[in-house]
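Below: the structure, in structure tokens.
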Amino acid sequence: SQSGQIAPYLDDRSHRKALWLKTAFRLGHPWLMERIAHILGWPMEGGACVLCGTGSIETISHFLLDCEQLDHHRILLTSTLTAQLILGGH
């Protein structure tokens, strides 16, 4: 993208929730349990991931890389990116 322009994938208004999530993650402030627990003054354990139930704190890293309940999405993303790289980005 040219300087000063928003990349099209970040400005896709047809998927407003996805746009909001991407923006929140890029800014480093998604509404994950770690943040919610902090805002509400809960102990650290209150920030545990409700998706996987392992007791892991739901941090950005856990959400994007470790949560077993999101494995399917990570596999889909990886295979899509791999296919795009093989095709040369076309």
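Side chains included, hydrogens not; waters and symmetry mates left out as well; all remaining heavy atoms used.
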Are L77 and F25 connected, step by step, through hydrophobic side chains (Ile, Leu, Val, Met, Phe, Trp, Tyr) whose heavy atoms are closer than 4.5 Å?
-> no
Row check, W20 ring normal vs R16 NZ/CZ: under 6.0 Å, within 45° = no
Nearest atoms (heavy-atom pairs only) where C67 meets C52 | SG-CB, 3.7 Å
Rounded to the nearest 0.5 Å, the CG atom of L70 sits from the CD1 atom of I75 at a distance of 11.0 Å
Rounded to the nearest 0.5 Å, what separation is found between the CG atom of L64 and the CG atom of L32?
-> 8.0 Å
So CD of E58 and CD1 of I36: to nearest 0.5 Å the spacing works out to 7.5 Å
If you measure only the distance, is there a donor-acceptor pair under 3.5 Å linking the side chains of S61 and T59?
-> no
Minimum side-chain heavy-atom gap R35-I39 below 4.5 Å | yes
By the rule that ILVMFWY residues connect when side-chain heavy atoms come within less than 4.5 angstrom, directly or transitively, which residues belong alongside M44?
-> I57
Using side-chain contact (heavy atoms from CB on, under 4.5 Å) as the criterion, point out the one residue from E34, M33, H62 that pairs with C49.
-> H62
So how far is it from R26 CZ to L21 CG, rounded to the nearest 0.5 Å?
-> 13.5 Å
To the nearest 0.5 Å, what is the distance between CG (L87) and OG1 (T82)?
-> 11.0 Å
Answer yes if L65 and L51 sit in the same cluster of Ile, Leu, Val, Met, Phe, Trp and Tyr residues linked by side chain heavy atoms under 4.5 Å apart, and no otherwise.
-> yes
Where is the tightest heavy-atom contact between T54 and S56, given as atom of each residue plus distance?
-> OG1-OG, 3.0 Å
Which value, rounded to the nearest 0.5 Å, describes the distance between F63 atom CZ and R74 atom CZ?
-> 9.0 Å
